[in-house]
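To start, the structure itself, in structure tokens.
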Amino acid sequence: INCPNCRRPDSLEHLLHECTLMPHLALHAEAKAAGLPTEKHELGSWLLGAFALIDPELIPAALEISSRFLLAAASVRKL
């Protein structure tokens, strides 16, 4: 199945890192400003609620940023 917007294979990886409907630039800017990791694996982990790899003091910022991103995903894509 392909992404209805990008016409590329649809996957979680595509949604989290590639889909042009998603606010990836804003996500990376917010994460960087908050001191959160932005490399694909780490970003994908905390974005989906796996906080074991980040500083506990950064969890509130990770929750706020990830919730906005996931709400954006839900508004443009069927999850």
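Residue numbers start at 1 and run along the sequence shown.
Residues Phe51 and Trp46 approach most closely at CE2-O, 3.4 Å, considering heavy atoms. Pairing each heavy atom of Leu43 with each of Leu27, the nearest pair is CD2-CD2, 4.0 Å. Nearest approach of Met22 to Ala72, heavy atoms of both residues: CE-C, 4.0 Å. Between Leu58 and Gly35 the shortest heavy-atom distance is CD1-O, 3.3 Å. Of all heavy-atom pairs spanning Leu16 and Gly44, the tightest one is CD1-CA, 4.2 Å. The shortest non-hydrogen separation linking Ala31 to Thr38 is CB-CG2, 3.7 Å.
Here the straight-line distance linking atom CG of Leu15 with atom CZ of Phe69 works out to 5.5 Å at 0.5 Å rounding.
Looking only at distances, no side-chain donor or acceptor of His17 sits under 3.5 Å from a matching main-chain atom of Leu12.
Remark: His28 pairs with no residue by the side chain to side chain donor-acceptor pair (under 3.5 Å) rule, at least two apart or across chains. Under the side-chain contact (heavy atoms from CB on, under 4.5 Å) criterion, Ala34 pairs with Leu36, Ala61, Ile65, sequence neighbours left out. For the side chain to side chain donor-acceptor pair (under 3.5 Å) test, no residue two or more places apart in sequence or in another chain qualifies with Asp55.
Inter-residue side-chain proximity for His41 and Leu53 is flagged as met; some heavy-atom pair is nearer than 4.5 Å. Using a 4.5 Å heavy-atom cutoff, the side chains of Cys6 and Glu18 are not in contact.
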_Criterion side chain to side chain contact (heavy atoms under 4.5 Å, CB included) on Asn5 and Val76, from CA distance to verdict_ = CA-CA 10 Å; Asn5 183 65; Val76 298; over 6 Å; no
